[in-house]
Structures are given as C-alpha cells and as structure tokens.
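Here's the structure, in structure tokens; my notes come after.
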Number of protein chains: 2
Amino acid sequence: MRDRKSERHARTRAEILDAAWETARAEGLAGLTLRDVARRVGMQPPSLYSYFASKDAVYDAMFAQGCREFLEGQARTALTGDALADLKAVARYFIGFCTENPTRYQLLFQRTVPGFEPSAESFAVSEEGLKALRGMLAGIGVTDPEALDLLTALGTGLADQQISNDPGGDRWIRLIDEAMEMYFAHISKRMKAGDAP
Amino acid sequence: MRDRKSERHARTRAEILDAAWETARAEGLAGLTLRDVARRVGMQPPSLYSYFASKDAVYDAMFAQGCREFLEGQARTALTGDALADLKAVARYFIGFCTENPTRYQLLFQRTVPGFEPSAESFAVSEEGLKALRGMLAGIGVTDPEALDLLTALGTGLADQQISNDPGGDRWIRLIDEAMEMYFAHISKRMKAGDAP
DNA sequence: GTCTATATTTGGATAGAC
DNA sequence: GTCTATCCAAATATAGAC
C-alpha cells in the first residue's frame, strides 16, 4: 500500500532542493543560506531540518542530483558508430551540460564550495558518471590515457571559457565541432604513427 | 628625502598581503577572514584597518598583485621567432602561472569569490595582461578570433584539469607540447585552406 | 599605529510548544 | 511538521583610549 506520508515528505524535499538550486544560482553557490532557501519555499528556517540534517546535507543532495542528471542525459546521447560524429556528440553533450547550468558545473566539477565534501554515497554516483563517459569514448576508440586526458582538457576548456567569458552565449560552443575535428585528426595521426614507427 | 614612515607603512601592507595569500591558500579563497590574517601577522583584527579599508580592499590588492605578477612573468618569456616553439613557450608560461598558485588562478580567472568585483584600477591591470598575451600570439601569427578562442580554451582546459584532478603533479602539464603541436597543425591546415579554398 | 571594547549582522542549529 | 524563541559562533567594522 502506498505510503502517502513518505510520498509527501519526498515531494517537499524535492521542492526544497529546487529552491536551493534557485538560491545558489541567484546568490552564488558559496552564498547559499538556509534562510534564503526557507523564504523561497515559504517556511521558517528551522523547519528545513525536518528534511535535511544540515546545510551540508543540502549540498550533498544537490551534488547527487547533478550526478544523476549527468548520467541520464548521457544515456540519451545516441551514438552512430562513426567515430568523429560520435566524438562531436559526446563533446556537445558534455559542454551543453556544463554551460546550461554553471552553478551545477561549479558544484560537480570544480571544488570551490567552502568546506563541502560529497558523501561516499554521492561520490559513488559521480564516479559512475565518469566511468560511463570513459566507456563511451572507449567505444569510439579513445582508450590511450594521454589521449583521454587531452580530450577532457579540451572539453573542460571549452566549457570553462564559455561560462566565464560569454555566459549565455555560444562563442565557444560554436567551436566544438572544429575542436573535435582537430582532435580527431591528431589522434588518427598518432595511431598511424604508433602502428608503424 | 626618504619618507621612512610611508616606507614602513608600505612594508607592513605587503606583509599583510602575504599573510592574506597564505590564509587564502590554507582556508580557501572564499574562506578568507580578517581574523586569520591578523593572527598570522600578530595583530588584532581592527589594526588591519590602518592598512586596508575593508576586506574587499584586501581582495582587490591581491587581484592587482596577481595581475602584475602575470605581466612581469610574461615579459620574461623569451620568444625565438619559430612559431611552434613560441606557441609552446607561451602555453607553458600560462599554464605554469595558473598551476603554481591555484588560489591566484581562482581569484584572477574564475569568478567564484562571494561578492568581490575588482576595482576599475585593478581591472585595468588585468586587461593589460590579456592585451600583452594577445600581442604575443599575434606575433606568432595567431590573429583570427576563432583560432584565438580555441587556443585559450586549450590553455585553460589544461590548467584547469591539472589543478582540479592532479594538484601538484604534471599529468596535464606533460601534454602541453603535444597539445600545441596538435593546435599548430590545425591552424596551419586552416590557413592553407583559407588561401586556396 | 595598535590596542581593547563593543556594535552589528548574519547564519547555522536546537528546544520546546502547538 | 511547523512554528516561535533562542542560542551560539563567526566575522566585519567602528569608537576611543593609550
């Protein structure tokens, strides 16, 4: 039988989490306060403690949610089998994910929040996301660790510049395809050189 | 005649600034407090106000100092006239500058400090640094805006990954030369294609 | 210039009534 | 579960003595 009570509890929890994201977006991730979150959901600050044990627990829930969103979106990214096309698709997904919500990007990929460390459980979700990404790239044929590192640098660089220097625009998003063509040409040449040195 | 008083004042100011850097490195940039800074220089917190009008003024002085350091290091970067070699030298300088002091990197290039905005004066110093960088790259032959954007993405991406995922190591620093070779091959091809489309 | 004392604000967290 | 009342700590900043 359905547990109407815990359903309601979960719903309210989700509502608070939404409010926390809005607040973080407005005030900056480090500037998040429970007071602001409470005001946004129409509660008094102490009432939040029925849903989250501490402010850090809120950060942790946001972190876990962000990781899940990353995984879900990744599962929806359709691959064709054509290496270059798939490389572009993965890059577009990753950079799109980062730029569409810079606050989430900051929480997940940069470590700039005061004293926050994700819980072991949340961290496991995060690891799963990275593993899935590596799996995708292995399917494309990118398995060499250095080639992978170069690719992640390119991806985060494009995302970071877009967020920092043209928020809301597409100045670096426009360069994704060109960047992937450059990268693909490079690793193709490297592989050939590796076959016959 | 020398003004011993103002010399002493400047010296103490510099000492406080050093302490602020140490504190920021230890507690995180956003976690900087005047209490900690004061303790580190052996003063009571209110005494700092003889040297800085506010906490923001401390951030601003740190920002300006970082920009000056960037400029000075850049002036010392010797170029040879060989485009690829110079590209590598500039990249090594930039990424070295970022990774050798992640706190400074965060203050100058990311915008993650609570409510801090650099003053107009400090911001001007920052602009000068970017202009010098652009000038250097123009000397190498990189003037196309999109080629420049791609290069900055590569540079910040390498620096960012190095800082975030291998602090103190050289996992991405090792890739600088390869990345610049990849980039150079790409823009060479592009230029040729542009000449005879 | 430096100190003590203090004002003020802010924000996380708890106690206990309803 | 939610509220009011409150505590406690931290941190910026000011006033005024020395």
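Numbers restart at 1 for each chain; the letters A, B, ... are given by sequence-line order, proteins then strands.
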Checklist entry - When the ring centroid of B:F52 is compared with that of B:Y59, is the distance short of 6.0 Å? => result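 That pair fails the under 6.0 Å test.
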Next on the checklist: Can you confirm if the aromatic rings of A:F70 and A:Y93 lie within a centre distance of less than 6.0 Å?
Outcome noted: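 Yes - the distance between ring centres of A:Y93 and A:F70 falls below the 6.0 Å cut-off.
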Distance check needed: [N] [atom2] versus [X] [atom1], whole Å only.
X	N	atom1	atom2	value
B:M43	C:dG1	CE	C1'	8 Å
A:F116	C:dG12	CZ	P	15 Å
A:Q44	D:dC3	CD	P	5 Å
B:R13	C:dT2	CZ	C1'	18 Å
A:F52	D:dT2	CZ	P	13 Å
A:R11	D:dG1	CZ	C1'	15 Å
A:E15	D:dT2	CD	C1'	14 Å
B:R35	D:dT12	CZ	P	8 Å

Next on the checklist: Between the side chains of B:R104 and B:E100, is the shortest nitrogen-to-carboxylate-oxygen separation below 4.0 Å, so that they form an ion pair?
Outcome noted: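 Counted as a salt bridge, because a side-chain N and a carboxylate O are separated by less than 4.0 Å.
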Item to check | Pair A:E178 + B:R190, salt bridge at N-O below 4.0 Å | outcome: yes
Counting the atoms with a prime plus P, OP1 and OP2 as sugar-phosphate, which does [X] contact under 4.0 Å by heavy atoms, base, sugar-phosphate, or nothing?
X	value
A:P46	base
B:T33	sugar-phosphate
A:Y49	base
A:L48	nothing
B:Y51	sugar-phosphate
A:S54	sugar-phosphate

Item to check | B:N101 CG to B:Q106 CD distance, which is reported to the nearest 0.5 Å | outcome: 10.5 Å
Item to check | Phosphate contact (D:dT2 OP1 or OP2) by A:S50 side-chain N/O below 4.0 Å | outcome: no
Next on the checklist: Nearest to the side chain of B:K55, heavy atoms from C-beta on, is which of C:dG1, C:dA13, D:dT12?
Outcome noted: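 Out of C:dG1, C:dA13, D:dT12, the nucleotide with an atom closest to B:K55's side chain is D:dT12.
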